[in-house]
Amino acid sequence: MATLLKFYRPFFPIRFPNSVRTIRLTSHHSHTLFFKLKPKKSSLIRCTRLSSLSSPQPSVPSSSAELWLYNTMSRKKEVFKPKVEGLVGMYVCGVTAYDLSHIGHARVYVTFDVLYRYLRHLGCEVRYVRNFTDVDDKIIARANKLGEDPISLSRRYCEEFRQDMIYLNCLPPSVEPRVSDHMLQIIDMIKQILDNGYAYSVDGDVYFNVDKFPEYGQLSGRKLEDNRAGERVAVDSRKQNPADFALWKAAKEGEPCWESPWGLGRPGWHIECSAMSAAHLGYSFDIHGGGMDLVFPHHENEIAQSCAACKQSNISYWIHNGFVTIDSEKMSKSLGNFFTIRQVIDLYHPLALRLFLMGTHYRSPINYSDGQLESASDRIFYIYQTLHDCENVLSQNEVAIRVDSIPPDTANCVNNFQNIFEASMSDDLHTSVVLAAISDPLKAINDLLHTRKGKRQDLRMESLTALERIIRNVLTVLGLMPTSYSEVLQQLKEKALKRAKLTEDQVLKKIEERTAARRNKEYEKSDLIRKDLAAVGIALMDCGEGTTWRPAVPLALQEQQVTAT
């Protein structure tokens, strides 16, 4: 059986004249910081089973479905077969931490959180590595602008990103390496690339020689003669080929820098992920993921670097998600057309944002709009309200539940939903199909709860239990299961009030006015109050106990959606 390499320590020893390595950081304040790092006793790679790196995982496969994933390298869907049965190594490129993350970032990490969760659902033991870039041109520029130390600024935004992931209910990765903590591994890898003849040094800079790597372009499908200097890489006349990219950059005044065999400097953007993925997963692992914008040049360059350092380098599946767009243009910080996660969740519940991001297949572009967020918020309120009502009824009926004796109609509904879930998720994570299919079991629950026929059905409690259980299990795999239905429902109502620029007291006062108007047969006034509230996303519901309210899509957006369809 195959094994995965674990890059426990620096791959190749660096030969410095002294036994102590020195790292120097120069800041914009013209101070120089020295850090002495003692080399570890052993710097040799060793092979080990990935199972020795395990964290708590499901011990028994919960599904026998065969998973198919689209591989950017082969440009087709392939059956997923890990290098070691039951064990999966997955690396996802993380954020460059110099500002709050936008919802384009959210889509990347929700996508791979879903994959992470589904692999675990299938019984796999997953080592999920997601890095932080905390040494980069953009970080340095932002730090200089704010008069802050670049590493400190980046660490602060790393923590902000972690908080965003908690809001979005993303599971923490197994490891979250930072560039600044992996300088020895990065330097060692660059040295090996040089020793193997794939790079050259010029005046303290080190460049990868793309002409020495004939396979360059295999991931993106680009021909070498069509390549230009990659993103974040300035055109340099010293390069042997304009497409050559920096592995190491000579130090500049006011930038953080580290000692290396080529002088003071810092790593190029691409080398960091090759070194960190090798450090935590080995050169051969299963899945490498990220946004579609990383296919070229970042992932293309990663492949070249890793193969140049180690001929046995091999990643089985390259997986990329599509963009979040605004007016069909990619959302990005560089274009200035972005909304941060914090801006969105200030008005919409984070789980509504997560639902929105999963409502389109992960490889397709998804267009951001207020209408889409309103629809997602409305949908998730309906899901949780239905489950909350179901939970209340079940808690009031303390009877022996025989889930194995549910009526045929309920059994068919449960089995159909389970089959759609497994078939859709195993077909390259079609979350949108699953979210659509959840309508049937939710409708079945509402029929059992609220209709005369449903309330009289035999084995009603057993049916409710079975339906609630399958929905809860699916929501858990999708990362949409809250800790408390009632708590999230209240939060959804608070967000709706904020969007409507109303307080709950104001809404309740409007309800009282409408009740009085109806009592006085002032139906025109009554209808106007209902319509005015509906216009700002507050729907009134009349029932035997009186009138209540719930969030809804504002009338104008509803009309736009009808027109669009």
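In what follows, every heavy atom counts, from backbone to side chain, and hydrogens, waters and symmetry copies are set aside.
- Counting only heavy atoms from C-beta outward, the side chains of Tyr118 and Leu429 approach each other to under 4.5 Å.
- A 4.5 Å side-chain heavy-atom check between Ser154 and Arg178 finds every atom pair outside the cut-off.
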* Worked verdict on Asp286 versus Ser316 for side chain to side chain donor-acceptor pair (under 3.5 Å) -> CA-CA 5 Å; Asp286 301 295; Ser316 302; 4.5 Å; no

* Asked: Step by step, would you call Asn131 with Tyr91 a side chain to side chain donor-acceptor pair (under 3.5 Å)?
  -> CA-CA 8 Å; Asn131 75 292; Tyr91 185 93; 3.2 Å; yes

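- Interatomic distance, Leu442 CG to Leu387 CG, rounded to the nearest 0.5 Å: 6.0 Å.
- What you find for Arg75 and Gly221 is that their closest heavy atoms are NH2-N, 3.1 Å.
- In summary, the side chains of Tyr362 and Asp428 do present a donor paired with an acceptor at a separation below 3.5 Å, with no hydrogens or angles considered.
- For the pair Ser220 and Val295, the minimum side-chain heavy-atom distance is below 4.5 Å.
- Closest heavy-atom contact between Arg354 and Gly479: NE-O, 3.2 Å.
- Put simply, the side chain of Arg117 reaches to within 4.5 Å of the side chain of Asn169, judged on heavy atoms.
- Looking at heavy atoms from C-beta onward, Met425 lies in side-chain contact with Leu478 at the 4.5 angstrom threshold.
- Heavy atoms only, all atoms of each residue included: Val110 and Met358 are closest at CG1-CG, 3.8 Å.
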* Yes or no on ring pair (Phe, Tyr, Trp, His ring centres under 6.0 Å) for Tyr70 and His361, after CA distance, side-chain angles and deciding distance? -> CA-CA 12 Å; Tyr70 184 87; His361 186 256; 9.0 Å; no

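- Of the charged side-chain nitrogens involved, at least one lies within less than 4.0 Å of a carboxylate oxygen, so that Asp181 and Arg155 count as a salt-bridged pair.
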* **Pair Tyr368-Arg107, side chain to side chain contact (heavy atoms under 4.5 Å, CB included): steps then yes or no** => CA-CA 11 Å; Tyr368 174 87; Arg107 192 184 193 194; over 6 Å; no

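- Side-chain contact between Ile538 and Leu497 is present, with heavy atoms from C-beta onward closer than 4.5 Å.
- In terms of heavy atoms, Thr431 sits closest to Thr360 at OG1-O, 4.4 Å.
- Here the options are His299, His298, His320, the test is ring-ring contact (aromatic ring centres under 6.0 Å, His included), and the partner is His288; only His299 passes.
- Using a 4.0 Å cut-off between charged side-chain N and carboxylate O, Lys498 and Asp346 make a salt bridge.
- Met189 and Tyr283 get closest at one heavy-atom pair: CE-OH, 3.0 Å.
- Taking 4.5 Å as the limit, every side-chain heavy atom of His280 sits out of range of all side-chain heavy atoms of Phe285.
- Annotation: cation-pi geometry satisfied between Arg222 and Phe296 (NZ/CZ under 6.0 angstrom from ring centroid, within 45° of ring axis).
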* Could you please spell out the steps behind the side chain to side chain contact (heavy atoms under 4.5 Å, CB included) verdict for Trp258 and Val135? => CA-CA 11 Å; Trp258 287 259; Val135 179; 3.7 Å; yes

* **Trace of the side chain to side chain donor-acceptor pair (under 3.5 Å) decision for Tyr348 with Glu374** => CA-CA 8 Å; Tyr348 297 94; Glu374 288 285 356; 3.3 Å; yes

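- In summary, Asp137 and Arg266 engage in a salt bridge, as defined by a charged side-chain N under 4.0 Å from a carboxylate O.
- For the residue pair Ser424 and Val434, the shortest heavy atom distance occurs at CB-CG2, 3.8 Å.
- We find that Glu255 and Lys249 are not joined by a salt bridge, their nearest charged nitrogen and carboxylate oxygen being 4.0 Å or further apart.
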* To do: Check the pair Gln218 / Met73 against side chain to side chain contact (heavy atoms under 4.5 Å, CB included), numbers first and verdict last.
  => CA-CA 7 Å; Gln218 59 186 313; Met73 181 66 78; 4.0 Å; yes

* Asked: Would Tyr382 and Thr386 count as a side chain to side chain contact (heavy atoms under 4.5 Å, CB included) if you check the C-alpha gap in whole Å, the side-chain angles of each, and the deciding distance to 0.1 Å?
  -> CA-CA 6 Å; Tyr382 167 71; Thr386 301; 3.6 Å; yes

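- No side-chain heavy atom of Ile139 sits less than 4.5 Å from a side-chain heavy atom of Tyr157.
- In this structure, the separation between CZ on Phe421 and CG on Leu435 is 10.5 Å, given to the nearest 0.5 Å.
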